[in-house]
Amino acid sequence: MPVLVVVLLVCSMLPARWARVVSSQPRHLLAAAMAPMDHVLKPLADKLRRPPELAVELGNREEYERAQQQIVELQFKLRQATQLIAELSQVKEQLRLTGVQLRTATVTSWSGDRLHPTLLINRGTRHGVAVGMVVVRGYQLVGRVVDVGPVTATVRLITAPQTHLIASMIPPVVGSAPREVMAQLRVGKDGLTLEADTNAEDPVLVGDLAHLSDESWPVEAVGFVVGKVTRIDNHPDDPLLRRKVVVEPVRSLAHLGQVTLIVPATAGGGGAGGRVVD
Amino acid sequence: MLGGASSIDVRRWVGDDGVMRWPVFAFLAFLLLVLQEGLGTLWSVGGHSPSLLMVLMVFVSLWAPSLTGAYAALALGLLTDLSQPVYPAGQATDVALIGPACLGYLTGAYVTQQLRGMVFRHSPLVIGVMVLIAGAFVHLVVLAILTARGLPWLAAQPVAGWHAADQLVARFFDLLYTAGVGVVLGAVLVRFHWALGFGQQQGKAAYSWK
């Protein structure tokens with residue numbers, strides 16, 4: 001017994017690191033043995049005796065509920081921001097965007113005008129936005145800034161009729177058989193999709209992604225996804241030799257809440273307001 | 001099969017010779033630990049909870065032979081140590097320190113055994129009072145050991161947020177609560193003391209810790 005007492009005394013004085021080594025196994029064993037019964041008893045105890053609610057003065061009840069609501073909203077925003085950061089980091093890494101800054105903006109309105117489909121964002125010259133900057137949402141190319149005010153900017157969507165888009169259509173999965181078809185895209189009749197004419201023997205399949213490879217666009221926009229091939233039809237004018245490929249944006253451009261501006265390093269200091277010249 | 005000289009002495013485990021029934025004790029200890037931890041929110045009054053294992057320790061120390069009581073106290077102390085980890089200062093995770101409660105319970109068992117000749121052990125009230133007395137020693141020993149950990153020698157790893165005075169006050173109320181629960185639980189234990197094999201070994205107990 002005296003030896004046991006000495007051993008226990010020594011154990012009591014062991015540094016945490018060593019004490020953990022000694023007690024880890026039996027502790028987990030005990031916890032594992034207790035777990036099934038604890039799972040039954042704990043809810044029972046909680047049910048029989050609910051935890052005391054936070055004491056709130058009746059006068060402050062509204063304030064408390066407002067604070068709770070605010071917490072929920074902040075949590076939601078935090079989740080959104082975390083998701084956006086992850087998305088942008090991935091985009092930046094995969095597209096090897098160097099020498100650019102990514103700035104987020106909130107979409108304040110969307111104009112569905114077929115000739116001039118635009119978005120209004122809450123960033124302007126004061127935030128370093130300049131005409132011609134590329135706007136994206138994740139991997140999806142959204143459009144270009146065409147008009148800038150002090151605190152707002154107008155973005156012309158890629159589905160605008162006058163947009164010049166040359167895209168290469170490639171399989172979305174890495175490791176698929178390599179194939180690439182380049183084609184010029186034009187806006188479809190519905191104003192929401194893009195169309196391209198290809199030869200009948202061109203290896204385009206439904207599900208392929210159309211990546212921007214247009215040299216008239218800023219270099220940082222090249223590689224972003226214009227849309228996904230959703231349909232391949234025979235060309236109405238030449239059904240034997242040509243195909244009509246329908247490309248739809250991966251994200252609905254009419255329902256964007258937030259977008260990202262790609263700011264070239266040289267334009268970081270801000271730019272003058274004005275209009276883009278086509 | 002049970003009567004063979006070379007076979008396992010089953011009588012020792014079932015208590016036929018007056019020795020405590022260890023399997024029953026183990027089951028009881030486990031049951032009380034589960035009730036103590038699983039119903040934690042139900043037990044808690046003002047942040048204070050009773051220690052059902054301490055009541056069992058006092059009960060066993062009142063009834064069992066000395067050495068048996070000592071080992072039982074060690075076992076109960078070990079369960080307490082394993083189920084109540086501490087946070088050493090500067091550590092991100094908790095750790096179960098084996099020792100403080102073991103030694104505390106051992107001291108408590110010793111004190112109970114020194115006093116049991118003067119009390120009527122069939123009374124639940126006595127169990128409550130003995131919990132109060134033995135528990136004071138248990139807590140003092142635990143308190144001394146955990147305070148000593150903070151001294152600038154040996155481990156020199158104090159428990160995070162440890163204030164001996166605060167602990168004394170908190171543990172005093174824990175002890176009062178345990179004593180109250182001890183009267184009720186003691187009544188049940190006394191009623192079923194035969195299940196542990198007690199009551200048959202009068203005059204047989206080996207009163208020695210050697």
Side chain, backbone, both or neither of Ala31(A) within contact of chain B (heavy atoms, under 4.5 Å):
neither
Interchain contact, Leu9(A) with chain B, by part (heavy-atom threshold 4.5 Å)
both
Option that, when pairs with chain A are counted at under 4.5 Å, heavy atom only, ranks first among Leu78(B), Leu79(B), Leu146(B), Leu82(B):
Leu82(B)
Flag the one option from Leu35(B), Leu74(B), Ile98(B) with the top tally of heavy-atom pairs under 4.5 Å to chain A.
Ile98(B)
Under a 3.5 Å cutoff, is there a donor and acceptor pairing between the side chains of Tyr105(B) and Ser51(B)?
yes
Not counting sequence neighbours, which residues clear salt bridge (charged side-chain N to carboxylate O under 4.0 Å, His left out) with Arg66(A)? List them please.
none
Considering residues at least two apart in sequence or located in another chain, which fulfil the salt bridge (charged side-chain N to carboxylate O under 4.0 Å, His left out) criterion with Asp208(A)?
Arg179(A)
Relative to each other, are the rings of Trp43(B) and Tyr177(B) parallel, tilted or perpendicular (30° and 60° limits)?
perpendicular
